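Single-structure report; data block below.
Quick caveat, the model's predicted, so the values are computed rather than measured. Along the sequence shown, residues are numbered consecutively beginning with 1.
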Amino acid sequence: MAIVAEHARGAREKIDPARLKAIVVGSLGNLVEYYDFYVYAAFSLYFAQSFFPGEDPVAQMLSTAGIFALGFFMRPVGGWLFGKIGDTYGRRQSLMLSVFLMCFGSLLIACAPTYPTIGVGAPILLLVARILQGLSLGGEYGSSATYLSEMATSARRGFYSSFLYVTLIGGQLTALAVLLMLQNILLTPAQLSAWGWRIPFFIGAGLALFALVMRRDLKETEAFEAAHAKKKHGGGLQVVVNYPREVLTVIGLTMGGTLAFYVYTIYMQKFLKLSVGLSFVETTWVSAGSLVFAMVLQPIYGALSDRIGRRKLLLAFGVLGTFGTVPLLTAIQHAKGPWEAFGLIALGWCIVSAYTSINAVVKAELFPAAVRATGVGLPYALAVSVFGGSAEYIALWFKRQGHESWFYYYATAVIFCSLLVYCLMPDTRETSQIDRDEAVSTR
């Protein structure tokens, strides 16, 4: 009850400009990281033939999706490594190191020779770069989610932490914006396929350096400083041993949401081109428009969670995702044009945003400050690696086997499993460990 009363008092607090600035700067750095990571997916339609020989476009997409998925399997390692750094040396240090590694991975792809030049060495270099980026992004999520949640006040924690997915989606949108500019203004399709796909990776490396400079002046969170002053450092694999229920909760609540998120972002671009039959340009515009819509929804849902609680939104996603995924994806597949496809995808985002907008704060509120970065990052990365990173590959595999609709039922089953977790877990707004830490530190 004390935490609820404190939350009600916090609703009357004024916005602290310094706190807001720290959240904005941290979020912008996150945008750059996700741009660097997802520009691979946005441009894979153009560079697939440069790294994988053959005439079958679905097979080439399957190969690029396979490397995309393999990069995800480094994310748990990144979640553990950078979580340990964040819990031991500070959230700021972890955020700076992760964006530096992302810069190096982007630069490696930008400069990589193609298959006709060095043969099998080309896809190997591509894989190495994606592994480095996966390691970086695995650490980015836990550190960013922890930082934004700790910097926010209790009354507005859902709203402020929702900007993690605003910037995550913004990174993808920026990648698509670069693609649109290159497609429609600067280059021909032949130039894009030949060498133009390298441009966004050079841009990404430069943006990552800019983000590194921005993060250099980030203020450390009071939650970490309080734990550090008491010499409480429990990150690393200890979190699995000491907080097994919380770790399993993070995995369970993530699996359905992350699969749905990657269906409507990464896979949707291929789905619109290969299954709906839209042109390259139509695919890009529909994808970009739906991402703008999704980005606007995040803070709205986040603010709503500050009023009605986190669990109600998660339950809404679980129920609607379980019963709506098959009919919605089927309707998108049979859409008669880009506008109809956009409307249906927007409807999907109204469902998925009930998860994406608040999942970061829900996870952060489960763990004490001493293990928070690892507790958020490691189990989340495990779930994303298994269910998010593989989503596109599994969908394309079903398509190649002639059973594309089977993927819709697979997604439904995974979302239903997460729904069971939502039914059993508490509302973290009412039991927030962040609020408990703050109450102890002010005594």
| message | Would you say Q133 and R130 are linked by a side-chain donor-acceptor pair, where the criterion is simply a distance under 3.5 Å? | response | yes
| field | Check: V326 main-chain N/O paired with T330 side-chain donor or acceptor under 3.5 Å | value | yes
| said: Strictly by salt bridge (Lys or Arg N to Asp or Glu O under 4.0 Å), give each pair with a member in residues 403-415 just once, sequence neighbours left out. | reply: K399-E404
| said: For the backbone of G302 and the side chain of S305, can you confirm whether one donor and one acceptor N or O come within less than 3.5 Å of each other? | reply: yes
| query | Parallel, tilted or perpendicular: which fits the ring planes of F407 and F398, with parallel below 30° and perpendicular above 60°? | reply | tilted
| message | Once side-chain hydrogen bond (donor to acceptor under 3.5 Å, both in side chains) is applied, do any residues pair with T167, and if so which ones, sequence neighbours excluded? | response | N30
| field | Side-chain donor or acceptor of R311 paired with backbone N/O of Y422 under 3.5 Å | value | yes
| field | Results of ring-ring contact (aromatic ring centres under 6.0 Å, His included) for W339 - residues two or more places apart only | value | none
| remark: The ring-ring contact (aromatic ring centres under 6.0 Å, His included) partners of F163 (sequence neighbours excluded) come to F159
| L328 side chain near F323 side chain, heavy-atom distance below 4.5 Å | no
| query | Got a sec, which residues hit side chain to side chain contact (heavy atoms under 4.5 Å, CB included) with T249, two or more places apart in sequence or on another chain? | reply | R245, L253, L366, V421, M425
| Where do L173 and M295 come nearest, in terms of heavy atoms and distance? | CD2-CE, 3.6 Å
| note | Here the salt bridge (Lys or Arg N to Asp or Glu O under 4.0 Å) pairs for residues 348-358, sequence neighbours left out, are none
| query | Sequence neighbours excluded, which residues qualify as ring-ring contact (aromatic ring centres under 6.0 Å, His included) partners of F387? | reply | none
| field | Worked check of side-chain contact (heavy atoms from CB on, under 4.5 Å) between C103 and L212 | value | CA-CA 9 Å; C103 172; L212 183 63; over 6 Å; no
| request: With L164 as reference, evaluate I169, L148, V361 under the side chain to side chain contact (heavy atoms under 4.5 Å, CB included) test and give the passing residue. | output: L148
| query | Would you say the side chain of Y165 lies within less than 4.5 Å of the side chain of N359, judging by non-hydrogen atoms? | reply | yes
| task | Can you see which heavy atom on L378 is nearest to which on P76, and at what distance? | result | CD1-O, 3.3 Å
Give the table of side-chain donor-acceptor pairs shorter than 3.5 Å for residues 199-206, with sequence neighbours excluded, one pair per line with atom names and distance.
none

| request: Quick one: sort the Y355 and F317 rings into parallel, tilted or perpendicular, breaks at 30° and 60°. | output: tilted
Identify all side-chain donor-acceptor contacts of residues 346-353 below 3.5 Å with residues at least two apart in sequence or on another chain.
residue, atom, partner, partner atom, Å
S353, OG, Q298, NE2, 3.0
S353, OG, W349, O, 2.8

| request: Check whether any side-chain N or O of T258 sits under 3.5 Å from a backbone N or O of M255 as a donor-acceptor pair, and report yes or no. | output: no
| side-chain contact (heavy atoms from CB on, under 4.5 Å) assessment of Y410 paired with L259 | CA-CA 10 Å; Y410 163 74; L259 175 57; 3.9 Å; yes
| message | Between Y301 and T356, is the side-chain contact (heavy atoms from CB on, under 4.5 Å) condition met? List the steps. | response | CA-CA 9 Å; Y301 280 54; T356 56; over 6 Å; no
| said: According to side-chain hydrogen bond (donor to acceptor under 3.5 Å, both in side chains), who are the partners of T284, at least two apart in sequence or on a separate chain? | reply: Q183
| request: Name all residues meeting the side-chain hydrogen bond (donor to acceptor under 3.5 Å, both in side chains) criterion together with Y408; count only those two or more places apart in sequence or in a different chain, and write none if there are none. | output: Q333
| message | Quick one, V263 and T325 - any side-chain contact, counting heavy atoms below 4.5 Å? | response | no
| If we only count heavy atoms from C-beta on, is the F293 to I345 side-chain gap below 4.5 Å? | no
| Hey, which of R429, R372, R310 is the one that makes side chain to side chain donor-acceptor pair (under 3.5 Å) with E365? | R310
| query | Under 4.5 Å between any side-chain heavy atoms of I131 and L135, yes or no? | reply | no
| task | Identify the heavy atoms of V376 and G142 that sit nearest to each other, and give their distance. | result | CG1-CA, 4.0 Å
| task | Please name the pair of heavy atoms, one in A373 and one in D87, separated by the smallest distance, quoted to 0.1 Å. | result | N-OD1, 3.1 Å
| said: The criterion is side-chain hydrogen bond (donor to acceptor under 3.5 Å, both in side chains); which residues satisfy it with S136, sequence neighbours excluded? | reply: E33
| query | What do the steps show when you test T265 against E392 for side-chain contact (heavy atoms from CB on, under 4.5 Å), and what is the final call? | reply | CA-CA 10 Å; T265 53; E392 182 183 54; over 6 Å; no
| Where do I415 and G318 come nearest, in terms of heavy atoms and distance? | CG2-O, 3.8 Å
| note | For P368 and Y243 the tightest heavy-atom approach is CG-OH, 3.2 Å
| Within a reach of under 6.0 Å around CZ of F100, are more than 12 heavy atoms found that belong to other residues, nucleotides or ligands? | no
